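One structure below.
Just so it is clear, the model here is predicted, and its values are computed rather than measured. As the structure lists them, so they are numbered: ligands from 1, and atoms in each ligand from 1. What's counted below: heavy atoms across the whole structure, side chains too, no hydrogens, waters or symmetry copies.
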Amino acid sequence: MTIKFFNTLGRRLEEFKPVNAGEARMYTCGPTVYNYAHIGNFRAYVFEDLLRRTLKYFGYKVTQVMNLTDVDDKTIRDSRKQKMSLNDFTAIYKQAFFEDLKTLRIEPAEFYPAATDHINEMIAIIRSLLDQGFAYQAEDRSIYFSIAKFPDYGKLAKIDMENQRSGVRIKTDEYAKDSVADFALWKAWDENDGEVKWDSPWGPGRPGWHIECSAMSMKYLGKTFDIHTGGIDNMFPHHEDEIAQSEAANSCRYVNFWLHCEHLIINGEKMSKSAGNFFTLREMVEKGFNGREIRWVLLSAHYRKKLNFTFEACEQARMQLRRFSDFFMRLKELKQNGVASPQFAETLRQAADSFKAALGDDLNISEAFAVLFSLQREINRLLDENQINRADADAALELFRNFDTVLALLDVDAAAEGKVPAQILELAEKRRNARNTKDFAAADAIRDELKNLGWMVEDAPDGGFRCKPL
Ligand code: AMP
Ligand code: ZN
């Protein structure tokens, strides 16, 4: 089975063909570590996790690099405000970021290079761009990339270069499409940078944001690699500038597939730090949602569609996850023995194929979820009709475990085992015994006691019971 991705470069679906057979090398623009990441940022990282897990599901050996932007306009500005050294300041948010990744079950990348550890690599690229005439030093002693020297400039963001003014320069890391300009590769030190500076052949200063990603991707993945991802707002200028610098320096193609994730929005607007309309992951956890529920919400829409954040969606996620837990419990508790049915095996095989085909179709997660729901419905029906036996149930559980290597949501095994405290199980056991001896008054009293402890007990059709937190 093949995978197709929508390549932003060219704006069309293309079959994924890696540079080296069987290997997928991908670079994902990581966080700027000047604050706790918000759930909008995490939409991008959860999408990248889905991409990574899908590539592995299809058998690729994945090498993923996610950088940490620990020097740029924003980290310098805020570390100075806090009167902290840049390193001490960014260390707080680096650590928080890794904790958050765990909460959201995002699989670790192979490399997490920090920009401040790669200044020499950046200087080497800038030197090469100067030598080849793609860059120049301006009166302010900063080094700029001359976009007029690179005829392909604008190919990713589709900018019409004919009508651009030439020789205009911009020093800030972030700017809009209507201010296309020569961008800074190396920023000469000024008093706003405080203590932050490195020596270079062009005097003290610091790198521009864009050169950071070119240097770190090249170092760990080579001059041409397979996939580069980021949020859609990274496409311009960040990714456009990365292409220009890298392709000019190396005279070869930089990246084959560009994948961009649409925004998480709230009340019709992009969730962002600058607009102040954001929730950090930590805030969501304080509000009582867990990482699994938030992961569900962030994963539930196709990555190229805007995703509207609501608390109702978080409640929905909680409900769906509970339904899955109950469903797995039901399958685990099934006692009926018998021979696996060939018809049921075929149902599972078809579901497995459809799930994989959905993922291979540009990560069509809605379709993949639809396969899960419809299989769950079908199996519940068979359970209701007593048409399923232990061997079938085991095969079904195994398939859901397999799906969960990509989704990391279902927790097939945690759902049924080890989650109910021993005290609760003991009480539920007592209640069943009371019912079995027709002592309904005692049974009801124990039910109330369980309720006070925050648990509900339900009788299963096969004489067993299930405990659920209220
Ligand atoms: P930053 O830390 O600002 O560099 O952003 C880190 C990542 O989050 C980038 O890939 C951004 O494109 C992405 N991002 C920022 N805001 C959102 C949002 N509201 N929805 C989805 N992705 C976002
Ligand atoms: Zn980047």
Handout entry: Backbone or side-chain N or O of Ile232 under 3.5 Å from ligand 1 N or O
Key = no
Completion exercise
atom 3 (O) of ligand 1 sits nearest the protein heavy atom Lys74 NZ, 4.0 Å
Handout entry: Aromatic plane relationship, Tyr36 with Tyr93 - under 30° parallel, 30 to 60° tilted, over 60° perpendicular
Key = perpendicular
Practice task
Determine whether more than 12 heavy atoms belonging to other residues, nucleotides or ligands lie under 6.0 Å from atom CZ of Arg12.
Solution key: no
Exercise for the section: Taking the side chain as every heavy atom from C-beta outward, state whether Phe369 and Phe403 have any pair of such atoms under 4.5 Å apart. Expected result: no
Exercise for the section: Check whether the ring centres of Tyr175 and Phe183 lie less than 6.0 Å apart, and answer yes or no. Expected result: no
Practice task
Check whether any N or O atom of Glu262, backbone or side chain, sits under 3.5 Å from an N or O atom of ligand 1, and answer yes or no.
Solution key: no
Exercise for the section: Using distance alone, decide if ligand 1 has a nitrogen or oxygen within less than 3.5 Å of any nitrogen or oxygen in Leu264. Expected result: yes
Exercise for the section: Name the closest protein heavy atom to atom 19 (N) of ligand 1, giving the residue it belongs to and the distance to 0.1 Å. Expected result: Met271 O, 2.8 Å
Completion exercise
atom 5 (O) of ligand 1 sits nearest the protein heavy atom Asn41 ND2, 3.3 Å
Handout entry: Charged N-O contact under 4.0 Å between Arg253 and Asp152
Key = no
Handout entry: Any N or O of Asn234 closer than 3.5 Å to N or O of ligand 1
Key = yes
Practice task
Please determine if Lys102 and Glu99 form a salt bridge, counting it only when a charged side-chain N lies under 4.0 Å from a carboxylate O.
Solution key: no
Exercise for the section: Could you tell me the residue and atom name of the protein heavy atom closest to atom 4 (O) of ligand 1, and the distance to it rounded to 0.1 Å? Expected result: Thr32 OG1, 3.1 Å
Fill in the blank from the handout: Here the atoms of ligand 1 under 4.0 Å from any heavy atom belonging to Gly231 are 10 (O), 12 (O)
Practice task
Flag the pair Asp140 and Lys187 as a salt bridge only when some basic side-chain nitrogen lies within less than 4.0 angstrom of an acidic carboxylate oxygen.
Solution key: no
Problem - Closest non-hydrogen atom pair, Val285 against Thr103 - result: CG2-CG2, 4.4 Å
Handout entry: ligand 1 to Gly40 polar contact by distance, N or O atoms, under 3.5 Å
Key = yes
Handout entry: Pair Glu262 + Lys305, salt bridge at N-O below 4.0 Å
Key = no
Practice task
Name the closest protein heavy atom to atom 11 (C) of ligand 1, giving the residue it belongs to and the distance to 0.1 Å.
Solution key: Asp233 OD1, 3.5 Å
Handout entry: Arg43, any N or O under 3.5 Å of ligand 1 N or O
Key = no
Problem - atom 16 (N) of ligand 1 - nearest protein heavy atom and its distance - result: Lys270 CE, 3.5 Å
Problem - Among Tyr27, Tyr45, Phe111, side chain to side chain contact (heavy atoms under 4.5 Å, CB included) partner for Met66 - result: Tyr45
Fill in the blank from the handout: Within less than 2.8 Å of the Zn ion (ligand 2), the count of protein N, O or S atoms comes to 3
Practice task
Check each atom of ligand 1 against the heavy atoms of His38 and keep those under 4.0 Å away; list them by number with element.
Solution key: 16 (N)
Problem - Short N or O distance, Cys261 and ligand 1, threshold 3.5 Å exclusive - result: no
Problem - Pairing of Asp73 and Arg206 as salt bridge, 4.0 angstrom limit - result: yes
Problem - Min side-chain heavy-atom separation Phe328-Leu397 under 4.5 Å - result: yes
Exercise for the section: Output yes when Lys81 and Asp78 qualify as a salt bridge under the 4.0 Å nitrogen-oxygen rule, no when they do not. Expected result: yes
Completion exercise
Closest to atom 6 (C) of ligand 1 among protein heavy atoms sits Tyr45 OH, 3.1 Å
Exercise for the section: Run the contact test for Phe42 against ligand 1 with a 4.0 Å cut-off on heavy atoms, strictly below, and give the result. Expected result: no
Exercise for the section: Return the orientation label for the His118 and Tyr220 ring planes: parallel under 30°, perpendicular over 60°, tilted otherwise. Expected result: perpendicular
